[in-house]
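Structure, as structure tokens:
Source: prediction; values computed, not measured.
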Amino acid sequence: SDFIQIIKPDAVIVVIEDRLGAINQARLTVSYLKRKYHGRMGVWLNTTRPTQSSATAQANRLGIKQSKIPLAGESSYQNKKVVFNPEFWA
């Protein structure tokens, strides 16, 4: 957080592994950052394993949305395609 205050970025993206516990991790991290940084911030969901269940993936996106944390984008396991959320980047 001291680094953020020094460089004053336009946005902060928190990369969260898309797994069970991702909602809690996103909420805790963003809550901490909001005390130190008052700019635009969002979460990037990153799938790092092939065993991701679709139910967990859907629940993570819904929970992050319900927590009012902007989703900046997401990337899939072994997939070079990334998905950017245009609402965040506008």
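A donor-acceptor contact shorter than 3.5 Å is absent between the side chain of Arg49 and the backbone of Arg19. Remark: the backbone N or O of Asn46 is not paired with any side-chain donor or acceptor of Tyr77 at under 3.5 angstrom. The closest donor-acceptor contact from the side chain of Trp89 to the backbone of Ala72 lies under 3.5 Å.
One finds the OG1 atom of Thr29 at 10.5 Å from the CE atom of Met41 (value rounded to the nearest 0.5 Å). Summarising the geometry, atom CG belonging to Asn60 is positioned 5.0 Å from atom CD1 belonging to Ile23; distances are rounded to the nearest 0.5 Å. Summarising the geometry, atom CD1 belonging to Ile16 is positioned 13.5 Å from atom CD belonging to Glu74; distances are rounded to the nearest 0.5 Å.
More than 12 heavy atoms of other shown residues, nucleotides or ligands fall within 6.0 angstrom of atom CG in Leu62.
Annotation: side chain of Pro9 is in contact with side chain of Ile4 (closest heavy-atom distance under 4.5 Å). Between Leu71 and Leu45 the shortest side-chain heavy-atom distance falls below 4.5 Å. Within the 4.5 Å cutoff, side-chain heavy atoms of Thr56 are placed close to those of Ser53.
Taken together through direct or relayed side-chain contacts under 4.5 Å among Ile, Leu, Val, Met, Phe, Trp and Tyr, Val15 and Val83 form parts of separate hydrophobic clusters. Taking hydrophobic clusters as Ile, Leu, Val, Met, Phe, Trp and Tyr residues chained together by side-chain heavy-atom distances below 4.5 Å, Ile69 shares a cluster with Val14. Cluster membership for Val12 and Val30, using ILVMFWY side-chain heavy atoms within less than 4.5 angstrom, is shared.
Taking the six-membered ring for Trp, Trp44 and Phe88 have ring centres at least 6.0 Å apart.
By the salt bridge (charged side-chain N to carboxylate O under 4.0 Å, His left out) test, Arg27 is found to be paired with no residue, residues two or more places apart in sequence or in another chain being considered. Listed by chain and number, the residues in a salt bridge (charged side-chain N to carboxylate O under 4.0 Å, His left out) with Arg35 amount to none (sequence neighbours excluded).
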| message | Could you go through Thr47 and Glu17, starting from their C-alpha distance and side-chain angles, then the distance that decides it, and tell me whether this counts as side chain to side chain contact (heavy atoms under 4.5 Å, CB included)? | response | CA-CA 6 Å; Thr47 305; Glu17 185 177 350; over 6 Å; no
